[in-house]
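In what follows, chains carry the letters A, B, and so on, assigned in the order in which the sequence lines appear, proteins first and then strands, with residues in each chain numbered from 1.
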Amino acid sequence: MIPTRTIQLLDPASVHTVYELLALAVLTPELASRVQFGWAITIHIVFAALSIGLAPFIVYFVVQEIRTGERRYERLRKFWTKLFAVGFIMGTVTGIPMAFMFGTNFAAFSTVAGEMIGGPLSFEAKMAFFLEAFALGILLFGRERVSDLAYAVSSFLVALGAWMSAFWILVVNSWMQTPRGYEIVTEDGVQIAQLTDPMAAFFNPRFPWMYVHMQSAAVISVTLLVAGVAAYFVWKNRDSQVWGTALKAAIVVLLVSSVFQVIHGDLYGRHVADTQPHKFAAMEAHYETGAADLHVVAVPTDLEALTDPRAENLYTISIPYLASFLAEGDFSAEVTGLNDFEYESPPVAWVFWSFRVMVGLGFWFVFLGLWGAYRLWRGGLYEDERYLQALMVSAPLGFLATITGWYVAEIGRQPWIIQDVLTTADGVSTDLGQGEAMVTLVGFVVGYVLLFGVFCYVFKRLVDEEAKRHETGIDDRETPDSPGVTADD
Amino acid sequence: MTSLLSDTEYVVDSLPELWFGLVVVSLGGYLLLDGFDFGLGMLFADATGEDRRTMLAAFGPIWKANEVWLVLFGTVLFAAFPRVYANLLSRHYLLVFAIVLALSLRGLGSKLREEREDETWVRFWDACFVAGSALSPLLLGTLVGSWVLGEPSALAAGPIVVGLTVVALSVVLGAAFLGVKTEGELRENVLERGRIAVGVYVALFVLTAVALYALYPGLRPVVVSAPTVLVVAVTLASAATVLYASLDGHYHLVVVGAAGVAGALVAFVAYLLYPSVDPAASLTVSEAVVSPLPLNLASIFAVTFLPIILGYFFVLFSVFSGPADPAEGY
């Protein structure tokens, strides 16, 4: 026992700081619920996008395998199907808690919006989840048990399930952004949204924008992943026909989808300005009502600029009046500033910086697509080391763009959980205790970090195993695929 | 004839009751199908080597589709009785996330054990698989018990006894499933466990009935009534079927018997609940149900897709019928 030493360590100032930090870390049930849901979707969306984007590639590989009988397609199908299987389990494991969180953490919201969102969620289960789980069982375990045609159909049904699941979940989400087709009624003293027009509610103004943008984002994310992995194997072995095939297919898809996404995103922005002006203002950190400039590039000059971006504390390259034009089609149009809304602003820094990361990455993807197209046209794709390296580095970036895009959409709509109907604060379960909320929040943070780590580990093992196969061939039916030997189909 | 999309009247008057029935049926479907998997996961604990791989080969193609029945149950409850969904889950906040954790361990364990050869890794994920398979039915049964008995918290004797009952039921179901998916010594071993489990189940079921009578005076008229006698009779007949069929080598009949045991339990749950759908909040079916338009619409989807879903399971279980082969896979 060395009491003096203990006293020294616990000097009052530092104890005070520790308490302050602890107090900061203990969130209100509302904030804990928001962070928990936001964190869960941050991880879940990676797996959701993986399913949506990878399923069409697998359909392509299966169809080509059956049509041509070439082994290169079989190898691609096997490699990506294994990743799909792990991603699907991760997607289920991370997705089921989110459906429960509607009830556990946002019980008041579920009561108000139950008639509007309960239906679509159950349609998702009936139309999509069963289809996907059933068809995946056959895709993973049934190659030898069913006919070629039935196998190809099952790969298509997996894709259909993934795309239909996104359809219904985005019906729910877009309704919360631009609610339509309901009427507020009082039932047993509680105000609830009663469904009056299902078509108006499901196909609300935001829905087509969101669905197209998300599906395209998922395709781009997975295309970059496929391109990055293919670039790695081609870089290791330029003669690999298996991965050369995958690389070329990915470049074509990347070019088309990334250009499409930039144009679509621009139009989507105008729609957001019309329907959720406060989100648009947060995207540009536009505080004072008036003509708005578009900040093409923004660089924070100090820490405060990072946490509280405003035009005056940023070094920006801006196009004067362009944001006005984007929002209203008129260069001198007034864009309402954040100071002039009757409710509080969303956390501007998150929205502003997420938007810039997403848009910046979007242009980078277009550049990668053009670069690859040039190489396909002029030749020398496999020799362009710098391009192959750029693709490898960019393999995870599509997912990052997807995540930041969701931050813009979801953080940008705060304080509303249902735009102009219910605030997030009023949507949280009334009897949720701080202790419970913190326990599960910490559990989700730790648990999902571990899950994601395990997923990355499994992915790396798959790549390593494939690299080994590259050199030796996995069984005696296969010819070695080492440098100088071209015979993997 | 009322218009299908009327916003003033249910397309048939008893539609709220039919949806209460669908909630119960989807719960029953889940209890039965994932019960196969939970039981398999618990029986996995005392199998070794090749037997474990055989069991996982039986489990692999079907468990994901089976687990979707839980999502179906949750979303059907949400679609028809949103207030009950909100109440039930927020009232059992920590229990719900404990269930999520248990289900995750089960799902991940089965998949990740294959990813590496070394023994520590395999043993760790096997332990997760077994623990998840045992805890999931225990916690789910506790949640259902707490819901039906209207307890403010699941930490009460009644719900926990229900949880244990569901664990025993899952072992019976898992043994019955493995009875048709395996051969030889492994099959005889699991069926022996299944026979013990069915005895334990009957004992626990009687204990549950006694506990209901003793601890919940409000339920006494329900416990002592003709339908309860019928439930007990079906349970005993089904349990006897499991015993007889497993000893006599009628493996498919064992599955029928086990399904009968499960069906009787779910019927009892429905009987205890109705006409309430959330006893703790004193909500009846007619009070908690959504308005006519969303329920009529959801009924159209249900009538269209439920037969298709049953078709999926028919195809899936046909494609993967017969003894499982550990060498098969992708």
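- Put simply, the side chain of B/Lys111 does not reach to within 4.5 Å of the side chain of A/Val458, judged on heavy atoms.
- Summarising the geometry, atom CD1 belonging to B/Ile308 is positioned 11.0 Å from atom CZ belonging to A/Phe134; distances are rounded to the nearest 0.5 Å.
- Atom-to-atom distance recorded for B/Phe97:CZ and A/Asn105:CG is 5.0 Å, nearest 0.5 angstrom.
- Two residues are said to be in side-chain contact when any heavy atoms from C-beta on lie closer than 4.5 Å; A/Asp431 and B/Ser90 meet this criterion.
- Of the atoms belonging to A/Val185, not a single heavy atom falls under 4.5 Å from chain B.
- Using a 4.5 Å cut-off between heavy atoms, A/Leu432 contacts chain B through its side chain alone, with no backbone atom that close.
- Both the backbone and the side chain of A/Glu436 come within less than 4.5 Å of a heavy atom in chain B.
- Proximity to chain B is limited to the side chain of A/Met90, based on heavy atoms less than 4.5 angstrom apart.
- The heavy-atom pair separating B/Leu89 from A/Phe100 by the smallest distance is CD1-O, 3.5 Å.
- Atoms OG and CD1, from B/Ser104 and A/Ile89 in turn, are 11.0 Å apart once rounded to the nearest 0.5 Å.
- Annotation: maximal heavy-atom pairing with chain A below 4.5 Å, among B/Tyr93, B/Phe313, B/Trp63, occurs at B/Tyr93.
- At a 4.5 Å heavy-atom cutoff, the contact between A/Leu451 and chain B is made by side-chain atoms alone.
- Both the backbone and the side chain of A/Leu121 come within contact range of chain B, each with at least one heavy atom under 4.5 Å from a heavy atom of that chain.
- Other residues, nucleotides and ligands contribute more than 12 heavy atoms inside 6.0 Å of the CZ atom of B/Phe301.
- Of all non-hydrogen atoms in B/Pro82 and A/Glu115, the two that sit nearest each other are CG-N, 4.4 Å.
- Looking at A/Leu136, the atoms closer than 4.5 Å to chain B (heavy atoms on both sides) all sit in the side chain, from C-beta outward.
- For A/Thr430, no part lies near chain B; criterion is any non-hydrogen pair under 4.5 Å.
- Rounded to the nearest 0.5 angstrom, A/Ser122 OG and B/Phe73 CZ are separated by 13.5 Å.
- Using a 4.5 Å cut-off between heavy atoms, B/Leu316 contacts chain A through both its backbone and its side chain.
- Centroid-to-centroid, the aromatic rings of B/Trp121 and A/Tyr457 come within less than 6.0 Å.
- Looking at B/Phe78, both its backbone and its side chain come within 4.5 Å of chain A, counting heavy atoms on both sides.
- Considering every non-hydrogen atom in both B/Val319 and A/Arg145, the closest pair reads O-NH1, 2.8 Å.
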